[in-house]
Amino acid sequence: MNVSEAVASRRSVRAFLDRPVDGVLLRRLLEQAARAPSGGNLQPWHLHAVGGEEMLRLKAIMRERLAGGAQETPEYFVYPQQLGEPYRRYRYELGEALYAELGIAREDRAGRLKQFARNFQFFDAPLAVFCSVDRQMGPPQWSDLGMYLQTLMLLLREAGLDSCPQECWSAYPKTIAEFLQLPAERMLFCAVAIGYADEQAPVNRLRSARAPLADFAEFRGI
Ligand SMILES: Cc1cc2nc3c(=O)[nH]c(=O)nc-3n(C[C@H](O)[C@H](O)[C@H](O)COP(=O)(O)O)c2cc1C
């Protein structure tokens, strides 16, 4: 697989097969992904891989949290409070496309919430990697986290694996900090669910849209 193929075939997978992922392979990919660039070579990413019994334990904790309606104070907002256009529309269209694939109607709030809650079982993925960052870091270093994570997700594709980045975990910073035993100076960014895609699952038919080049790039002297 070349880079273009990895880029084109990476997508957020929201249904995984019950098929284990090799821990040795994961270690190698996490190490390889650290070739990602970072400003000043700060390498501000911290990764926490969870699988096996620990994954079962975390899934059980989350089932309990969700059933009990537990709410925690997020440490950052996933989206701006007043999301302007065209971003608002992009987000809306993604939601509509996702729920259309699943046959969940707009008015079916319970159905939508149930699907969203699947995030907290990692869409049945056998493995996940959480990403945390030192609290002293700002937007430039957070962008470095993105570079690491995209590099990882492309390497996963090369290894025949699929993934879903998940910011939803920012809703449970306390639970996850406790589970991962994060030091106080570190905050959670997101998780990446990792496994083999269930190609039969309707949700995995989704192909998210992209704006045309002219909408996000300009060219001078080219
Ligand atoms: C940092 C980050 C966090 C995300 N968080 C979630 C999430 O919590 N749940 C989810 O289902 N998708 C999540 N996504 C997936 C996006 O919805 C997805 O990347 C976007 O719609 C583009 O689709 P694609 O990844 O299939 O190309 C996240 C993506 C990124 C980059």
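First listed ligand is number 1; within each ligand, the first listed atom is number 1.
Protein heavy atom closest to atom 15 (C) of ligand 1, with residue, atom name and distance, is S12 OG, 3.3 Å. R210 NH2, 2.7 Å is the protein heavy atom nearest to atom 27 (O) of ligand 1.
Contact atoms of ligand 1 toward R11: 26 (O) (distance under 4.0 Å to a heavy atom of the residue). Remark: ligand 1 atoms within the under-4.0 Å shell around heavy atoms of L94 are 17 (O), 21 (O).
The pair D162-R10 does not meet the salt-bridge criterion, since no charged nitrogen lies less than 4.0 angstrom from a carboxylate oxygen.
Taking CZ of F219 as the start and CG of L213 as the end, the distance is 4.5 Å to the nearest 0.5 Å. One distance of note links CZ of R88 with OH of Y92; it measures 10.0 Å at 0.5 Å rounding. Rounding to the nearest 0.5 Å gives a distance of 8.5 Å between CG of L58 and CD of Q121.
Considering backbone and side-chain atoms together, C168 places an N or O closer than 3.5 Å to an N or O of ligand 1. Ligand 1 has no N or O atom lying under 3.5 Å from any N or O atom of F189, backbone or side chain.
Crowding of E185 atom CD: a count of heavy atoms from other residues, nucleotides or ligands under 6.0 Å exceeding 12. Atom CD of E85 sits in a crowded spot, with more than 12 heavy atoms from other residues, nucleotides or ligands closer than 6.0 Å.
Only the side chain of F123 comes within 4.0 Å of ligand 1, judged by heavy-atom distances. The proximity of N119 to ligand 1, defined as any non-hydrogen pair under 4.0 Å, is limited to the side chain.
Compare P165, S208, G95, A191 by their heavy atoms: the one nearest to atom 4 (C) of ligand 1 is in P165. The residue among R14, R91, E167, Q166 with a heavy atom at the shortest distance from atom 16 (C) of ligand 1 is R14.
Separation of the F120 and Y172 ring centroids falls under the 6.0 Å cut-off. Between W169 and F122, the ring centre distance stays below 6.0 Å.
Inside a 4.0 Å radius of atom 10 (C) of ligand 1 there is at least one protein heavy atom.
A cation-pi contact, defined as under 6.0 Å to the ring centre and within 45° of the axis, is absent between R118 and F123.
Remark: distances from the non-hydrogen atoms of W169 to ligand 1 are all 4.0 Å or more. Not a single heavy atom of R207 sits under 4.0 Å from any atom of ligand 1.
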